[in-house]
Amino acid sequence: MDKFIIRGGIPLQGTVRISGAKNSALPCMAAAILTEEEVILENVPDVRDIETERKLLSSMGAEVELGYGRAHHRTRIRCALLSDPVAKYEIVKTMRASSLVLGPLIARTGMARVAMPGGCAIGGRPIDLHIKGLQAMGAEILQEHGYLEARAKRLRGAHIVFDKITVTGTEDLLMAAVLAEGETLMENCAREPEVTDLASLLTAMGARIEGAGTPTIRVQGVERLHGARHRINPDRIEAGTFLVAGAITGGDITLAGCNPKHLSAVVHKLRECGVQCDLTDDTVRVTSQGAVRGADISTEEYPGFPTDMQAQFMAFATQAEGTSLVTENIFENRFMHVQELVRMGANIRVDGRTATVRGKTSLSSAAVMASDLRASASLVLAALVAEGETIIDRVYHIDRGYERIEEKLRGVGAKIRRIGNVFRENEASAAQVTA
Ligand code: EPZ
């Protein structure tokens, strides 16, 4: 099981290129199910979840090539024959977002057998709203032996109002609606840029969609969709994570190839803390020399402060003067990073959905353990300022959603190494980290 060794105390300087968004690429890959023609996606990130999605689609009979045509971030998908429209538990249990194939499979083949994803570290993660919407569109869905069995001769357009705002629920039903008979009106939709990115791919494939990115989306179903080429949005959460890396280390980092318009809530909050952020159309430069002050955050659906940046901001708040209240409104268990940060010296108390962070506290290195994707990022950020060498275990969590993070961090001066076995490696090349 891979670990990171990070020596803290170095202000990060330089430029980081932001990769494509995992949470855009996953629904866009699933959208290829909707046509028998070829779909080419550019700027797909090289992360573990994308490999999992490749396995999932291939297991159904799709042709999937990552790094197509020797272009590292280009993916080619062709679902000419979906011989086995089943999302098996062995794959789904490693990635909940597998439920994104449910809507497109029913829309394309009239049937789907998808393992129930089950919960994860951050919460129960139900998909009841996906199921409710598909049933409103005429799908018959049974749940047995841990699987959803869905059937529909042809989905028909419906009026759907989401009880809660759900990102993949909006995406799943959008993909179901584009081939349904008649009009589908969806209200209380998620407005995340990943929804808009998916809608632009579907439109390029011939779908008729209005209102993506707003709470109300209207879809006129069509008989069939054709292939398309599409470039995935830059990853706003990877970008936010590196903004915090520049701020927490008192450095000067420029993010290249990002979309600052998708980062407003994070940039606004860092500026409130005294961090300088300078924006162009596709870059953000973060500099932070002086003392930074704490601020309160409350996670909300887009365009509010993203839950996927909550753990990273909390690491930053430990280095800010004063008290920061961090309130997590989206998931019921997204404070797994708190205890690990406390073990490094942070002063954090959790009371229900709110964590009170008192800064500035000096952090010291420790052996810590990653628990989920964004909690892992939070520990990396803390290790970048902790005195000494921090060892972070179970970094496979971070590999799910960050492309080559240790290389990108080394590129701006961080002392970070990935090792497979602490004992063997530590003796032989500890000097490498301290060099
Ligand atoms: C997406 O998850 C993202 N994943 C998550 O990113 C992100 O944290 C989340 O949206 C919120 O922004 C992908 O896009 C692959 P939700 P999703 O459905 O769609 C409840 C990361 O770190 N809910 O918007 O699964 C749910 O329990 C990951 O990259 C229902 O009750 O999240 C939660 O409380 C983590 N019933 C709330 O809605 C449902 O049917 C929002 O969840 C669906 C959701």
Side-chain angles (χ1 to χ4, degrees), residues 19-31 45 47-50 52-53 56 92 94-103 114 116-136 141 143 148 160-176 186 188-198 215 232-233 235-241 262 265-266 299-313 328-334 336-337 353 370-378 397-403:
S19 299
K22 157 182 90 83
N23 290 349
S24 272
L26 291 172
C28 287
M29 288 174 76
V47 297
R48 188 189 290 261
D49 274 7
I50 297 301
T52 303
E53 178 95 346
L56 174 63
V92 173
T94 65
M95 184 181 71
R96 297 190 63 269
S98 307
S99 53
L100 276 166
V101 301
L102 185 58
V114 175
M116 296 288 283
C120 70
I122 64 178
R125 312 293 295 279
I127 57 169
D128 56 310
L129 301 181
H130 301 229
I131 294 167
K132 193 173 171 184
L134 290 167
Q135 287 171 329
I141 301 183
Q143 301 184 22
L148 290 174
I160 294 163
V161 183
F162 286 101
D163 298 335
K164 286 179 84 166
I165 294 175
T166 160
V167 175
T168 50
T170 301
E171 293 163 347
D172 212 359
L173 293 180
L174 180 57
M175 290 190 278
M186 302 190 330
N188 199 26
C189 298
R191 299 162 57 188
E192 271 68 4
E194 292 76 38
V195 174
T196 314
D197 208 6
L198 171 64
I232 298 293
N233 268 346
D235 191 318
R236 59 192 172 96
I237 305 301
E238 182 195 29
T241 304
H262 295 160
V266 175
T299 63
E300 303 293 343
E301 293 86 1
Y302 190 88
F305 193 93
T307 175
D308 291 351
M309 280 296 302
Q310 177 259 104
Q312 298 92 312
F313 182 81
E328 172 56 56
N329 295 307
I330 306 295
F331 291 111
E332 60 268 33
N333 187 37
R334 204 167 198 176
M336 306 279 277
H337 43 287
R353 284 189 172 269
S371 55
D372 60 85
L373 172 52
R374 307 304 174 183
S376 320
S378 166
H397 287 292
I398 209 161
D399 292 334
R400 293 190 51 177
Y402 289 90
E403 179 175 329

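As the structure lists them, so they are numbered: ligands from 1, and atoms in each ligand from 1.
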Practice item. Report yes if Thr168 has an N/O atom closer than 3.5 Å to an N/O atom of ligand 1; otherwise report no. Key: yes
Study note, to complete from the structure: Shortest non-hydrogen pair, Leu56 vs Ser98, comes out as CD2-CB, 3.7 Å
Point to revise | Heavy-atom donor-acceptor pair, Thr52 side chain to Arg48 backbone, under 3.5 Å | key: yes
Check your understanding: Should one rank Lys164, Glu171, Met95 by closest heavy-atom distance to atom 38 (O) of ligand 1, which comes out on top?
Key -> Lys164
Review point. Would you say the side chains of Glu194 and Asn233 form a donor-acceptor pair under 3.5 Å?
Key: no
Check your understanding: Taking side chain as C-beta onward, heavy atoms only, is Val167 less than 4.5 Å from Asn23?
Key -> no
Review point. When you look for heavy atoms under 4.0 Å from ligand 1, do you find them on the side chain of Phe331, its backbone, both, or neither?
Key: side chain
Practice item. Supply the atom-to-atom distance Leu174 CG to Met186 CE, rounded to the nearest 0.5 angstrom. Key: 5.0 Å
Review point. Heavy atoms only: which of Asp163, Asp308, Leu373, Thr307 is nearest to atom 28 (C) of ligand 1?
Key: Asp308
Exercise for review: Please confirm whether Ile165 comes under 4.0 Å of ligand 1, counting heavy atoms of the residue only.
Suggested key: yes
**Study point:** Short side-chain to backbone donor-acceptor contact, Thr299 and Thr307, under 3.5 Å
**Key:** no
Practice item. Check if Arg96 has a non-hydrogen atom at a distance under 4.0 Å from any atom of ligand 1. Key: yes
Review point. Given Ile131 and Leu134, is the side-chain contact (heavy atoms from CB on, under 4.5 Å) satisfied, shown in steps?
Key: CA-CA 5 Å; Ile131 294 167; Leu134 290 167; 5.8 Å; no
Check your understanding: Could a heavy atom of Arg334 be found less than 4.0 Å from some atom of ligand 1?
Key -> yes
Check your understanding: Taking Asp172 for the side chain and Gly103 for the main chain, is one N or O donor matched with an acceptor at less than 3.5 Å?
Key -> yes
Exercise for review: Could you find the nearest protein heavy atom to atom 40 (O) of ligand 1 and give me its residue, atom name and distance?
Suggested key: Leu129 N, 2.8 Å
Study note, to complete from the structure: re atom 3 (C) of ligand 1, the protein heavy-atom contact at minimum distance is Asn23 ND2, 3.7 Å
Check your understanding: Under 4.0 Å from ligand 1, counting heavy atoms only, is it the side chain of Glu300, its backbone, both or neither?
Key -> neither
Exercise for review: Using a strict cut-off of 4.0 Å, indicate which atoms of ligand 1 neighbour a heavy atom of Arg374.
Suggested key: 21 (C), 22 (O), 29 (O)
Review point. Is there a heavy atom of Gly401 sitting under 4.0 angstrom from any atom of ligand 1?
Key: no
Practice item. May I ask you to list the atoms of ligand 1 that are less than 4.0 angstrom from any heavy atom of Ala97? Key: 15 (C)
**Study point:** Min heavy-atom dist Glu194 to ligand 1 below 4.0 Å
**Key:** no
Exercise for review: Could you tell me whether ligand 1 has any atom less than 4.0 Å away from a heavy atom of Lys22?
Suggested key: yes
Practice item. State whether the side chain of Arg125 and the backbone N or O of Arg96 hold a donor-acceptor pair below 3.5 Å, judged by distance alone. Key: no
**Study point:** Per atom 1 (C) of ligand 1, closest listed option by heavy atom (Ile127, Val167, Ile122, Thr166)
**Key:** Val167
Check your understanding: Who's the nearest protein heavy-atom neighbour of atom 34 (O) of ligand 1, and how far?
Key -> Ile330 O, 2.7 Å
Check your understanding: Closest non-hydrogen protein atom to atom 31 (O) of ligand 1, residue and atom name please, with distance?
Key -> Pro126 CG, 3.4 Å
Practice item. Check for a donor-acceptor pair, side chain of Glu332 on one end and backbone N or O of Gly124 on the other, with a separation under 3.5 Å. Key: yes
Check your understanding: Would a distance-only check, ignoring hydrogens and angles, find a side-chain to backbone donor-acceptor pair under 3.5 Å from Glu53 to Met29?
Key -> no
Point to revise | Pairwise distance CD(Gln143) to CE(Met116) - rounded to 0.5 angstrom | key: 4.0 Å
Exercise for review: Considering only non-hydrogen protein atoms, determine which one is nearest to atom 36 (N) of ligand 1 and report residue, atom name and distance to 0.1 Å.
Suggested key: Asp128 OD1, 2.7 Å
Exercise for review: Identify, by atom number and element, the atoms of ligand 1 in contact range of His130, meaning under 4.0 Å from any of its heavy atoms.
Suggested key: 40 (O)
Exercise for review: Examine distances only and state if a side-chain atom of Glu192 and a backbone atom of Tyr302 form a donor-acceptor pair shorter than 3.5 Å.
Suggested key: yes
Exercise for review: Enumerate the atoms of ligand 1 whose separation from the nearest heavy atom of Arg125 is less than 4.0 angstrom.
Suggested key: 2 (O), 17 (P), 25 (O)
